[in-house]
Asks: 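Questions regarding the structure given below will be posed in turn.
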Protein chains: 2
Amino acid sequence: MAKHDNEEPWVTDDPRGAKSGKRATINDVARVARVSKKTVSRVINQSPFVKGDTRERVEKAIAELGFTPDPQARGLAFRRSFLVGLIYDNPSPTYVVNMQQGVLDALKGSGLELVVHPCNRNSETLIDDIRGFIERQRLFGVIMPPSMSEDERVIALLRELDCPYVRIASVSLDEPGSMVVTNDHLGAAEAARRLADLGHTRIGLVRGPALFRSSTVRGGGFREALAERGVPLNPDYEIEGAYTFESGVEAGHALLSMPNPPTAIFTLNDDMAIGVMQAARERGLELPRDLSVVGFDDLPMASRVWPNLTSVRLPIRDMGRMAAEKLLAPMRGLDPAKLDQPEVRPSLVVRKSDIPAT
Amino acid sequence: MAKHDNEEPWVTDDPRGAKSGKRATINDVARVARVSKKTVSRVINQSPFVKGDTRERVEKAIAELGFTPDPQARGLAFRRSFLVGLIYDNPSPTYVVNMQQGVLDALKGSGLELVVHPCNRNSETLIDDIRGFIERQRLFGVIMPPSMSEDERVIALLRELDCPYVRIASVSLDEPGSMVVTNDHLGAAEAARRLADLGHTRIGLVRGPALFRSSTVRGGGFREALAERGVPLNPDYEIEGAYTFESGVEAGHALLSMPNPPTAIFTLNDDMAIGVMQAARERGLELPRDLSVVGFDDLPMASRVWPNLTSVRLPIRDMGRMAAEKLLAPMRGLDPAKLDQPEVRPSLVVRKSDIPAT
DNA sequence: CTGAAAGCGCTTACAG
DNA sequence: CTGAAAGCGCTTACAG
């Protein structure tokens with residue numbers, strides 16, 4: 001006789017809970033598999049010291065009962081939770097969301113969850129705040145994108161608390177096992193080659209704040225690649241911005257009001273590129289006819305502004321995934337330093353904002 | 001004699017840990033305060049059944065030892081974790097990040113943490129996935145912005161699992177205690193009044209997908225307010241888009257290729273507004289001279305495109321905060337339905353994309 | 001290779 | 001108003 005649908009789902013005879021309605025525990029599994037809970041624990045934790053058929057019996061019971069170990073109980077016993085913290089101060093929503101997504105890609109199926117922790121690097125309570133967060137939650141590990149990844153006070157704290165971490169940055173700041181290095185240098189170099197190939201010789205550069213590593217690295221890559229093409233960068237055409245739209249507007253006016261203004265401008269992020277475009281427009285220039293602009297980041301906005309902005313794209317989501325994989329490596333018996341991960345390769349997305357010099 | 005800085009921080013005599021280096025536990029507090037751990041527990045959980053001076057002794061000991069209860073241990077005993085889940089499928093990074101920030105604003109100091117859980121509403125495994133997430137983590141509660149908040153399958157699941165939740169939506173879908181209603185209706189009405197005041201009579205409307213509540217609500221608010229001003233909306237000028245840039249481009253071409261095209265277009269989100277602008281430009285129109293455009297969302301992009309886009313802004317961060325406060329209310333002995341929360345008021349941010357009809 | 005005991009740091013259920 | 005015992009669901013440390 002076929003079993004009809006349960007009308008009272010809370011009175012169930014399905015094998016998931018010995019006592020209906022409650023989740024199966026390690027004790028239920030032990031009873032069904034006729035072993036001690038310690039042996040079940042060994043199977044959960046993939047101990048090699050379990051005989052083949054014992055393991056099979058336990059695995060069968062686990063499947064039958066739909067058992068999943070309780071992370072809180074496990075965490076309490078392990079003195080370490082199953083939570084990964086993402087600590088960041090990056091103001092770009094697109095960056096943050098892509099990074100979160102990448103970390104989640106890697107965490108999927110691992111039983112770990114992602115706890116987000118945005119913060120302000122200039123806050124006086126930053127360190128105490130992070131200390132409280134990590135100590136209280138006994139985090140499994142922490143991932144930090146720039147510019148948090150560049151804060152050595154936080155790194156010292158993490159080491160003191162013995163909390164595993166992976167840093168994402170444009171230069172190698174740590175041992176390979178706890179670093180994902182993003183090739184910003186190469187990305188800026190591609191932008192330089194593009195502008196040189198288009199025949200530009202008077203080229204402006206709008207950098208970011210000097211204390212951001214990315215600014216130094218991107219600026220360096222741009223300058224070097226330009227020099228290789230025999231197009232030296234005129235220092236007068238270099239301006240330090242703040243990585244904001246407004247600072248881009250300002251830098252744009254400064255560059256375009258020069259007696260012999262640049263015919264192309266590379267900005268070290270998209271917000272400033274769009275600021276430069278705004279300045280050009282305010283000065284009555286037509287784009288891209290009177291000025292080529294290239295940005296960095298490839299924000300969604302880049303393909304929406306008019307003319308569509310040529311920009312350097314970094315695989316943010318992949319970077320997040322790679323960082324999380326390094327964090328998980330020890331759990332999987334792997335060496336994070338030797339993980340077979342592809343290099344982070346930036347790519348230049350060519351659109352409509354850059355044209356040949358006239 | 002002044003104590004010099006510790007050279008060996010792991011051998012410390014600071015009072016934080018009875019045994020140096022280890023965090024203080026409830027037992028340490030009980031010993032110092034000369035009470036049972038149960039009494040300490042009562043103080044932590046704000047039980048009213050503790051005598052005044054006993055409470056003070058315990059609180060002093062807690063402060064002295066820098067004690068914070070371990071959320072994992074507490075969670076295990078409570079059968080409920082101290083994690084709030086944010087479950088969403090919203091594709092806008094700005095929306096997501098602002099919402100997260102608002103939730104975190106409210107969570108600050110509560111000891112709760114935010115676990116993010118983006119998902120795909122069309123996935124076949126959606127329900128099983130969410131079930132696993134909630135059961136495994138024994139979430140304290142869940143917050144769902146649109147369109148997740150509109151999925152009744154998930155709501156049924158949440159009820160079955162007895163997991164508290166708060167929904168954010170443009171209409172009231174639930175009891176007041178578990179709803180934050182965003183006044184999209186009013187926002188769209190303001191846009192309508194603005195265009196009517198500018199003298200436009202041939203007005204286009206680009207809606208979102210019909211199954212999004214926000215599209216129905218915003219569309220309704222726009223239509224009604226327009227009618228009140230005596231400017232009925234020509235049904236031929238209404239088009240359903242997909243809330244994407246591309247669908248905005250398409251809708252823009254459709255509307256602008258009509259024999260007697262609209263002089264103003266309202267789109268129910270910014271991505272489509274910018275798409276309409278792109279279409280206008282592709283057709284050789286000059287903006288805003290030949291076409292006024294108003295959007296909804298006020299993305300960062302809105303103030304970057306040229307001409308700067310007039311748009312309806314919703315206080316996303318406040319909405320996230322309010323939702324989290326409702327979730328926390330019971331913990332604070334409050335009734336979430338009677339929380340003294342300000343109404344969610346949209347505002348029209350007027351910029352440069354809308355001008356008087358000629 | 002397997003298990004019985006004790007413990008992780010809290011709370012519930014029960015007494016008094 | 002307060003506390004001793006048992007328990008939440010796991011793991012560690014120790015035996016065998």
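In what follows, every chain begins at residue 1, and chains take the letters A, B, ... in the order their sequences are listed.
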Asks: Under 4.0 Å from OP1 or OP2 of D/dG3: is there any side-chain N or O of B/S36 that close?
Replies: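 Result: yes.
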
Asks: Between B/Q72 (CD) and C/dC10 (C1'), how many Å, whole number?
Replies: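 Atom-to-atom, B/Q72 to C/dC10, this comes out as 11 Å.
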
Asks: Which of residues 49-59 of chain A sit near DNA chain C, with a heavy atom under 4.0 Å from it?
Replies: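 Hits under 4.0 Å, by residue number: A/F49, A/V50, A/K51, A/T54.
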
Asks: Out of the candidates A/L86, A/V96, A/N90, only one should pair with A/P145 under the side-chain contact (heavy atoms from CB on, under 4.5 Å) rule; please name it.
Replies: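 Exactly one option meets the side-chain contact (heavy atoms from CB on, under 4.5 Å) with A/P145, and it is A/L86.
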
Asks: Would B/R159 and B/D174 satisfy salt bridge (Lys or Arg N to Asp or Glu O under 4.0 Å), going step by step from the backbone distance to the final call?
Replies: CA-CA 12 Å; B/R159 294 222 177 89; B/D174 217 308; 3.4 Å; yes

Asks: Dump the intermediate steps for salt bridge (Lys or Arg N to Asp or Glu O under 4.0 Å) on B/R167 and B/E152, then the final yes or no.
Replies: CA-CA 11 Å; B/R167 302 158 83 169; B/E152 295 299 336; 2.7 Å; yes

Asks: Ignoring backbone atoms, establish whether A/T39 has a side-chain N or O less than 4.0 Å from OP1 or OP2 of C/dT2.
Replies: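 No, outside the criterion.
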
Asks: For the atom pair NZ (A/K37) and CG (A/D28), what is the distance rounded to the nearest 0.5 Å?
Replies: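 A/K37 NZ to A/D28 CG: 11.0 Å, rounded to 0.5 Å.
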
Asks: How far apart are the C-alpha atoms of A/R42 and A/V58, what are their side-chain angles, what is the distance that settles it, and do they pass the side-chain contact (heavy atoms from CB on, under 4.5 Å) test?
Replies: CA-CA 10 Å; A/R42 284 197 180 90; A/V58 172; over 6 Å; no

Asks: What do the steps show when you test A/R321 against A/E325 for salt bridge (Lys or Arg N to Asp or Glu O under 4.0 Å), and what is the final call?
Replies: CA-CA 6 Å; A/R321 188 177 41 67; A/E325 278 167 2; 3.4 Å; yes

Asks: Between P on C/dC8 and CG on B/L76, what's the gap in Å once rounded to a whole number?
Replies: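 Those two atoms, CG and P, are 14 Å apart.
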
Asks: Would you kindly give the CG-to-P distance between B/D70 and D/dC10, to the nearest whole Å?
Replies: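 Rounding to the nearest Å, CG of B/D70 and P of D/dC10 are 17 Å apart.
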
Asks: Just to be sure I understand the rule, does B/F82 reach a base, reach only the sugar-phosphate, or reach nothing, if contact means heavy atoms closer than 4.0 Å?
Replies: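 Contact class for B/F82: none.
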
Asks: Rounded to whole Å, how long is the line connecting atom CZ of B/R31 with atom C1' of D/dG3?
Replies: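 Going from B/R31 (CZ) to D/dG3 (C1'), I get 17 Å.
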
Asks: State whether the number of non-hydrogen atoms from other residues, nucleotides or ligands found under 6.0 Å of A/R34 atom CZ is greater than 12.
Replies: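 Counting other residues, nucleotides and ligands, CZ of A/R34 stays at 12 neighbours or fewer.
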
Asks: Specify the separation, in whole Å, of atom CZ of B/R80 and atom P of D/dG9.
Replies: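 About 14 Å, once rounded to whole Å.
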
Asks: Between A/F67 and A/T25, which heavy-atom pair has the shortest distance, and what is it?
Replies: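 Closest pair (atom of A/F67, atom of A/T25, distance): CE1-C, 3.5 Å.
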
Asks: Is the side chain of A/K326 donor-acceptor paired with the backbone N or O of A/P176 at a distance under 3.5 Å, no angle test?
Replies: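 Indeed, once roles are kept as given, a pair shorter than 3.5 Å links the two residues.
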
Asks: Kindly give the atom pairs (protein nitrogen or oxygen, nucleotide nitrogen or oxygen) under 3.5 Å for nucleotides 11-13 of chain D.
Replies:
unit_1 : atom_1 : unit_2 : atom_2 : d
D/dT11 : OP1    : A/N45  : ND2    : 2.7
D/dT11 : OP1    : A/R74  : NH1    : 3.2
D/dT11 : OP2    : A/S41  : OG     : 2.4

Asks: Can you tell which of A/M99, A/M144, A/M179 makes a side-chain contact (heavy atoms from CB on, under 4.5 Å) with A/I168?
Replies: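 Checked A/M99, A/M144, A/M179 against A/I168; only one passes side-chain contact (heavy atoms from CB on, under 4.5 Å): A/M99.
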
Asks: In whole angstroms, how far is the P atom of C/dG3 from the CZ atom of A/R34?
Replies: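 Between P of C/dG3 and CZ of A/R34: 12 Å.
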
Asks: Judged by atom type as modelled, is there a donor-acceptor pair below 3.5 Å linking the side chain of A/R121 to the main-chain atoms of A/S147?
Replies: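 Checked: pair present.
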
Asks: Dot-bracket, DNA chain D: Watson-Crick or G-U, under 3.5 angstrom, [ ] crossing, | other strand?
Replies: |||.||||||||.|||

Asks: A/D28 has an atom CG; how far is it from atom P of D/dC8, in whole Å?
Replies: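 Roughly 11 Å, once rounded to whole Å.
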
